[in-house]
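Please read the structure below before turning to the comments.
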Amino acid sequence: MKGTGKGTVLSHSADSRVHTLVNTENSLILNPGQTLDLKVEGTYTGSSAPTATAQLINLGHDPYTLPPALPSHDGTKYNYDEVLMKSILFYEAQRSGKLPTDNRIPWRGDSAINDTGDNGEDLTGGWYDAGDHVKFNLPMAASTTVLTWGLIAYMEAYQDSGQLDHMYSCIKWPLDYLLKCHVSKFEFYVQVGKAELDHNYWGRPENMTMPRPAYKITAQKPGSDIAAETAAAFAAGYLAYHNTNKTYANILLMHARDLYEFAISYQGKYSDSVPEAKGFYQSYDAQDELCWGGAWMYLATREQKYLTEAEKHYEPGAAWGQSWDEKNTGCMVMLYKVTRKDIYKTDIESTFKSWMPGGTIPYTPRGLAYRLTWGSLRYASNMAMLALMAADEGIHPTEYRHWAQSQIHYALGDTGHSYVVGFGVNSPTQPHHRSSSCPLVPAPCSNRELQQTGPNTHILYGALVGGPDQSDHYEDRRDDYVKNEVACDYNSGFQTAVAGKMM
């Protein structure tokens, strides 16, 4: 089969002897086994036809590779140090806004630098949510809380792996952005970008031209869930920074106080106030975030009023699980940590009884606790993280740590292939992710990249893909956004669990 298409002249030398050409959009994308006939037409003077040479550059292959990872310092089956390093790199690949001078992702550049609020407020920065380029603040804040919790609880793991400074940079990027979004006491931007417009675009974030409206909650249009979750992220950030950067820590705590007051004073679900979020990150309850946020506020301040609020909003009984929208398991672990009350220990035990083999949560034949189809690995990873946190509090430590390891090792390769891009054996090469699928600049990027069957041009190191179906079936296909998309919330519990396994 031959490749056909057209090219565009990008530039030429002053004497017109050297020309640089690139394929046009949706053309000249070749797969292994295809051939290319290159035809260049032009005019010349004189009686002898000119000769020419050509240098072909494959812009669909990125030669960049990471330096070899250091050997595992603890002799574990999988190199957890390498997993932490690469997971942090995934978050760097998700950065929006003006990138820092020490940017480590060579195929990423400044993007969405005109993101603004209704009155021109600077809303640049933060993370792109998944394989797209919307900034959804509820899953971003939830991911930030979980990652920061892991930094606080397992700082030694980050120190030993050589990733401590990178981890501080990792959490500061979304914290800085979320601070920008809190433009006044009872006014908080919760989303930048309209998902329907964004999802019709397959290309680099650096080349986006579609409108990127911003949406906010106010006293008239409240969002207790997202306000309390962001308060939790800021409170966790305060705890992470209060010994290293007191000024920044105090700024985070000030905003945390205001946002939690906002959440309590004006209650409601943010996706009811911002319908543009409903089809993508709809909130089903705000009570869990009010509990979660209150627990984090108490941990940061030790003020009784926050613990009172947390316990008031606690929903007793076995929890469904843990996700960007569901915080009940996290609440019971946090409340047991600070109160040691039997009710929370009992609920933790009931929750994990349902999650472990023989409980109500089904398992795949190869051992993955299977909560839901879409992003199945994230739920198991989140619960593995919380099993480790519960074990740290003395609750069935041997049993819970063993179970957590089984779930994390499933993702890392126990089934014969890794679900983490760029790590381990038979790892995914075609994650559903726009920017990593795009060819090297100056080649255009379009929907054709979604459809082509080869590996993504750039390796999206460290990204955890969605995962298998209930029969352990998985195909590495870019067009499968259920099993092969990546997302900030997928990696957060997973990375924290890996750090916990190192302790």
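- The aromatic rings of His255 and His182 stand perpendicular to each other, their planes meeting at an angle above 60°, with 30° marking the opposite boundary.
- Under 3.5 Å, the side chains of Asp489 and Ser143 contain no donor-acceptor pair of N or O atoms.
- Looking at Tyr189, Tyr177, Trp127 one by one, the single match for side chain to side chain donor-acceptor pair (under 3.5 Å) with Asn137 turns out to be Tyr177.
- Between the side chain of Glu303 and the main chain of Tyr298, no donor-acceptor pair closer than 3.5 Å is present.
- At a threshold of 4.0 Å, the pair Arg434-Asp132 does not count as salt-bridged, since none of the basic side-chain nitrogens sits closer than that to a carboxylate oxygen.
- Note that SG of Cys291 is 12.5 Å distant from CH2 of Trp296, once rounded to the nearest 0.5 Å.
- A salt bridge between Asp414 and Lys77 is present, with a side-chain N of the basic residue lying under 4.0 Å from a carboxylate O of the acidic one.
- Side-chain N or O atoms of Thr301 include one that pairs as donor or acceptor with a backbone N or O of Met297 at under 3.5 Å.
- Below 30°, between 30° and 60°, or above 60°: for Phe352 and Tyr400 the angle between ring planes is between 30° and 60°, a tilted geometry.
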Trp374/Lys483 under side chain to side chain contact (heavy atoms under 4.5 Å, CB included): CA gap, chis, key distance, verdict
CA-CA 7 Å; Trp374 198 316; Lys483 298 186 187 72; over 6 Å; no
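- Closest non-hydrogen pair, Pro431 versus Ser436, comes out as CG-OG, 4.4 Å.
- At distances below 3.5 Å, at least one donor-acceptor pair connects side-chain atoms of Ser406 with backbone N or O atoms of Trp403.
- Using a 4.0 Å cut-off between a side-chain N of Lys or Arg and a carboxylate O of Asp or Glu, Lys180 and Glu121 do not qualify as a salt bridge.
- A salt bridge links Asp115 with Arg212: the distance from a Lys NZ or Arg NE/NH1/NH2 to an Asp or Glu carboxylate oxygen falls below 4.0 Å.
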Would you sort out whether Leu259 and Lys185 count as a side chain to side chain contact (heavy atoms under 4.5 Å, CB included), showing the intermediate values?
CA-CA 7 Å; Leu259 277 169; Lys185 187 171 183 177; over 6 Å; no
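- Salt-bridge check for Glu393 with Lys345: failed, with every basic side-chain N at 4.0 Å or more from each acidic carboxylate O.
- For the pair Asp198 (side chain) and Lys194 (backbone), a donor-acceptor distance under 3.5 Å is absent.
- Ser437 and Asn456 share no side-chain donor-acceptor pair at under 3.5 Å.
- Without hydrogens or angle criteria, Thr145 side chain to Ala233 main chain gives a donor-acceptor distance under 3.5 Å.
- Of all heavy-atom pairs spanning Tyr128 and Cys488, the tightest one is O-SG, 3.4 Å.
- A salt bridge between Glu92 and Lys86 is absent, with no side-chain N of the basic residue lying under 4.0 Å from a carboxylate O of the acidic one.
- Surrounding NZ of Lys278 are more than 12 heavy atoms belonging to other residues, nucleotides or ligands, all under 6.0 Å away.
- We find that Lys135 and Asp129 are not joined by a salt bridge, their nearest charged nitrogen and carboxylate oxygen being 4.0 Å or further apart.
- Ionic pairing of Arg401 and Asp392 is present here: one or more N-O contacts between side-chain nitrogen and carboxylate oxygen are shorter than 4.0 angstrom.
- Here the closest non-hydrogen pair linking Phe186 and Asp258 is CE2-O, 4.3 Å.
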